[in-house]
Number of protein chains: 4
Amino acid sequence: MSSISETRKQQILDAAADFFLKSGFHKATMADICSSAKMSPGSVYRYFKSKEEIIEALYIQKWETSRSDLKFFLKKMESSVIFADDLVKNLLMGLSMKKPFDPLFMEMRTETLHNPRFGDIERNGFLALESELAQAFSKAQQRGNLSLSVEPEKSAKFFITLLQGLVMNLSLFPEMDVMAYSPLFHKILE
Amino acid sequence: MSSISETRKQQILDAAADFFLKSGFHKATMADICSSAKMSPGSVYRYFKSKEEIIEALYIQKWETSRSDLKFFLKKMESSVIFADDLVKNLLMGLSMKKPFDPLFMEMRTETLHNPRFGDIERNGFLALESELAQAFSKAQQRGNLSLSVEPEKSAKFFITLLQGLVMNLSLFPEMDVMAYSPLFHKILE
Amino acid sequence: MSSISETRKQQILDAAADFFLKSGFHKATMADICSSAKMSPGSVYRYFKSKEEIIEALYIQKWETSRSDLKFFLKKMESSVIFADDLVKNLLMGLSMKKPFDPLFMEMRTETLHNPRFGDIERNGFLALESELAQAFSKAQQRGNLSLSVEPEKSAKFFITLLQGLVMNLSLFPEMDVMAYSPLFHKILE
Amino acid sequence: MSSISETRKQQILDAAADFFLKSGFHKATMADICSSAKMSPGSVYRYFKSKEEIIEALYIQKWETSRSDLKFFLKKMESSVIFADDLVKNLLMGLSMKKPFDPLFMEMRTETLHNPRFGDIERNGFLALESELAQAFSKAQQRGNLSLSVEPEKSAKFFITLLQGLVMNLSLFPEMDVMAYSPLFHKILE
DNA sequence: TATGAATGAGAGTTCATTCAT
DNA sequence: CATGAATGAACTCTCATTCAT
């Protein structure tokens, strides 16, 4: 019962993500979203009170996905003995292959400038990623797979910042050599 | 004649920058811009064919300013003997005073996703900054003020990427400790 | 069977009356009415073909109630020896306690302007009240409790007209002194 | 300059009055009003911020007209020696001939039930009419043309109330015998 | 019969742009 | 050249009504 409702909501969010991606939050119209979701406006508004609520829901969902993706990735890294090496290598390979850059994050970040609610979501999302990463660093140290001179929280922050810059570069130059950045990431983990 | 026209254009661009900053490209209306520029819509449309053309002109101008700011900054650095130290210190101090970067760049980057013309401007802008920086690194090496192990172009790219990530972080967490990042920048210049 | 159906209908009419009172015919939505009646839209539409039909049914019912209230009131007056005095006194006291009239009548009267069917209901309702009143006057005269110089029908018409004006005044100035009007009503019955 | 703007506003108000009359405030659409005023929506919204603002402006204007009409009428009555007779006679003749009943007043009164701003306008309008009438009564007494036993304010109130009831009756029964009410009005002025 | 999700025409309003003056 | 009134397509959102279950 709730599941049907959830399905519908997801249907709308997917359609919205599609169009937001193509045209941006502002140029994408509710009519676009409705027709892409194959629903009438009236139906869409049964599930979301406004266009902004759709954007916000998408926003939150994007961050949740990002976080769980990172968690999953870090879980896999736990079995690695040469933690730093594998982490950087796999991360950058993932970046260069799966094109994980999601333009919606940029769209969202821009909204953040004008909508304080979005700012909070964004900040929480970021801090959560940092925290996941810092924990992974700690654990790796405990396992003896990461240099004890690394300060987990600080390094996590650096890591995320650099990653963010890299991802933005990637959005502009999709053919760039991502792997070239591995020495820099490594320096963070020394 | 052209000079008066240029003045008018600049008047419009300044007003537009003001409002775009406050409300974003999409929420800022032409009426806002007109009244802020103290011109009538008819006049504004004499100087720019469309709202988009204003955005584009502003876009280009922003990059030009950034580039010449960077040039000026790097010129000053030429007299520095401890080049890397001074460069990083002054750059981060500048950042923490939030002078050289502004939210419009994020707004613009987002537009890039939906308007290919903007993508070109953005890419050119980036490459120009990288090039300026790479040249500065080369010169510093020639003067003996920078380690010869630094590869100018690669390091410039790293530098810009990291800077970009940092700026984005800063937009979310204005109170963050920018200076903490100086070791990381230094590593790029070692 | 019919009785259950009648109960359902009444449930809807009561809920509708509630919301029409609060928000007016046009601002009250079917959703409001449905949820207030604790029925689904589908059910409500089983009993009434349209929102307008609900309004009309309510309209008719309001007039029926008014008429039977008046009848009941006049019945009680039959035992009065000083008919005119008691009639006016009790009527105005009733008015000042705001029982027998409600704002829905105004709402309804306005609908009259745009829906001829409503005009008929309204006219019939009015004439019925007048007729009740005229009969009561006649009977009172027969009992010797009302001056024979009173022309029942004409006076009834005057009575209703004045009452109508008074009620409208009351809707605007709820604190007005209703009793002050009793001399005027008395003049009609002299 | 302001005059052109005033003309446009009036054009809109006239068109709105037309459609409000035909269909009521709620059923009349902005598109109706625009096309009737031969203006585009954008233009109409240059002069009025919202549909509600149009209604309110119309409301105020209606009351102003009513008041000045009454003033003009009472001015003419000042030359009358048999004040009460002439007042009632002319008033009722006016009522029966000029069909001065304006359905918009009913529409407005209904809105009053749901919009406090309108309530204030309505109350002020009413009190102004009463006050005009009371003054006229006083003056007539001073001229010796009206019985001194009349209490101007109270009688004005009665007068307006009765008139209101009469006008409402008239709206329902346009063919009714208005003149039949003159004795009742006379009683108020005795 | 009852439900409540789905519909979709149409509401009020906005705003980039045009053009008569 | 400048003005600002005028435009009208397009926007977000609503709600009376329908219909599959």
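We name chains A, B, ... by the order of the sequence lines, and we start the count at 1 in each one.
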**Student:** Tell me which residues in residues 50-60 of chain A lie within less than 4.0 Å of DNA chain F, going by non-hydrogen atoms.
**Tutor:**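 Residues of residues 50-60 of chain A under 4.0 Å from DNA chain F: A/S50, A/K51.
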
**Student:** With a cut-off of less than 4.0 Å, is there a side-chain N or O of D/S43 near OP1 or OP2 of F/dT7?
**Tutor:**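 Yes, D/S43 has a side-chain N/O under 4.0 Å of OP1/OP2 on F/dT7.
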
**Student:** Could you tell me whether the side chain of B/K51 and the main chain of B/F25 form a donor-acceptor pair under 3.5 Å?
**Tutor:**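 Between the backbone of B/F25 and the side chain of B/K51 there is a qualifying donor-acceptor contact (under 3.5 Å).
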
**Student:** By the 4.0 Å heavy-atom rule, please label D/F48 as base, sugar-phosphate, or nothing.
**Tutor:**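 Since no nucleic acid heavy atom lies under 4.0 Å of D/F48, the category is nothing.
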
**Student:** How close or far is atom C1' of E/dT17 from atom OH of B/Y47, stated in whole angstroms?
**Tutor:**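 About 18 Å, once rounded to whole Å.
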
**Student:** Give a yes or no on whether the backbone of D/T65 and the side-chain of D/S68 come within a donor-acceptor separation of less than 3.5 Å.
**Tutor:**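 Side chain of D/S68 to backbone of D/T65, a donor-acceptor pair under 3.5 Å: yes, one is there.
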
**Student:** Return the orientation label for the A/Y59 and A/F118 ring planes: parallel under 30°, perpendicular over 60°, tilted otherwise.
**Tutor:**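 Correct class here is tilted.
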
**Student:** Checking side-chain contact (heavy atoms from CB on, under 4.5 Å) for the pair D/Y47/D/M39: CA distance, chi angles, key distance, verdict?
**Tutor:** CA-CA 11 Å; D/Y47 296 100; D/M39 297 171 81; 3.8 Å; yes

**Student:** Can any side-chain N or O of A/R67 pair as donor or acceptor with the backbone N or O of A/G125 at less than 3.5 Å?
**Tutor:**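 Answer holds: no.
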
**Student:** Between the side chains of A/H26 and A/E111, does any donor sit under 3.5 Å from an acceptor?
**Tutor:**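 On atom types as modelled, these side chains qualify, holding a pair under 3.5 Å.
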
**Student:** Looking only at side-chain N and O atoms, does D/S40 come under 4.0 Å of OP1 or OP2 in F/dA6?
**Tutor:**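 False: D/S40 side-chain N/O out of range (4.0 Å or more) of F/dA6 OP1/OP2.
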
**Student:** Output the single nucleotide from E/dA6, F/dA2, F/dT12 whose closest atom is nearest the side chain of A/Y45.
**Tutor:**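 The nucleotide sitting nearest to the side chain is F/dT12.
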
**Student:** DNA chain E: A/R46 or D/K49, which has the more 5' nearest nucleotide?
**Tutor:**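 Residue closer to the 5' terminus by nearest nucleotide: A/R46.
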
**Student:** Do C/T110 and C/E107 have side-chain heavy atoms sitting under 4.5 Å apart?
**Tutor:**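 Sidechains of C/E107 and C/T110: no contact.
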
**Student:** Using modelled atom types and a 3.5 Å cut-off, is there a donor and acceptor pairing between side-chain atoms of D/R109 and backbone atoms of C/M168?
**Tutor:**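 Yes, the answer is positive, given that a donor and an acceptor are paired below the 3.5 Å cut-off.
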
**Student:** Nearest whole angstrom, please: distance from the C1' of E/dT3 to the CD1 of A/I4.
**Tutor:**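 Between C1' of E/dT3 and CD1 of A/I4: 13 Å.
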
**Student:** What parts of residues 12-32 of chain D reach DNA chain E, counting only heavy atoms under 4.0 Å away?
**Tutor:**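 Going residue by residue through residues 12-32 of chain D, the ones with a heavy atom under 4.0 Å of DNA chain E turn out to be D/A28, D/T29, D/M30.
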
**Student:** Can you run through DNA chain F from 5' to 3' and write each base as (, ), [, ], | or . depending on how it pairs? Watson-Crick or G-U wobble, both distances under 3.5 Å.
**Tutor:** .||||||||||||||||||||

**Student:** Ignoring hydrogens and geometry, is there a side-chain-to-backbone donor-acceptor pair from D/D32 to D/T29 under 3.5 Å?
**Tutor:**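 Yes, because the side chain of D/D32 sits within donor-acceptor range (under 3.5 Å) of the backbone of D/T29.
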
**Student:** Nearest nucleotide by nearest heavy atom, which residue falls closer to the 5' end of DNA chain E, C/R8 or A/M39?
**Tutor:**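 Final value for this comparison: C/R8.
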
**Student:** How many angstroms lie between CD1 in C/I121 and CD in C/Q61, if you round to the nearest 0.5 Å?
**Tutor:**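 Going from CD1 on C/I121 over to CD on C/Q61, the span is 12.0 Å.
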
**Student:** Can you tell me if C/E56 and C/N115 form a side-chain donor-acceptor pair at under 3.5 Å?
**Tutor:**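 Short answer, no.
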
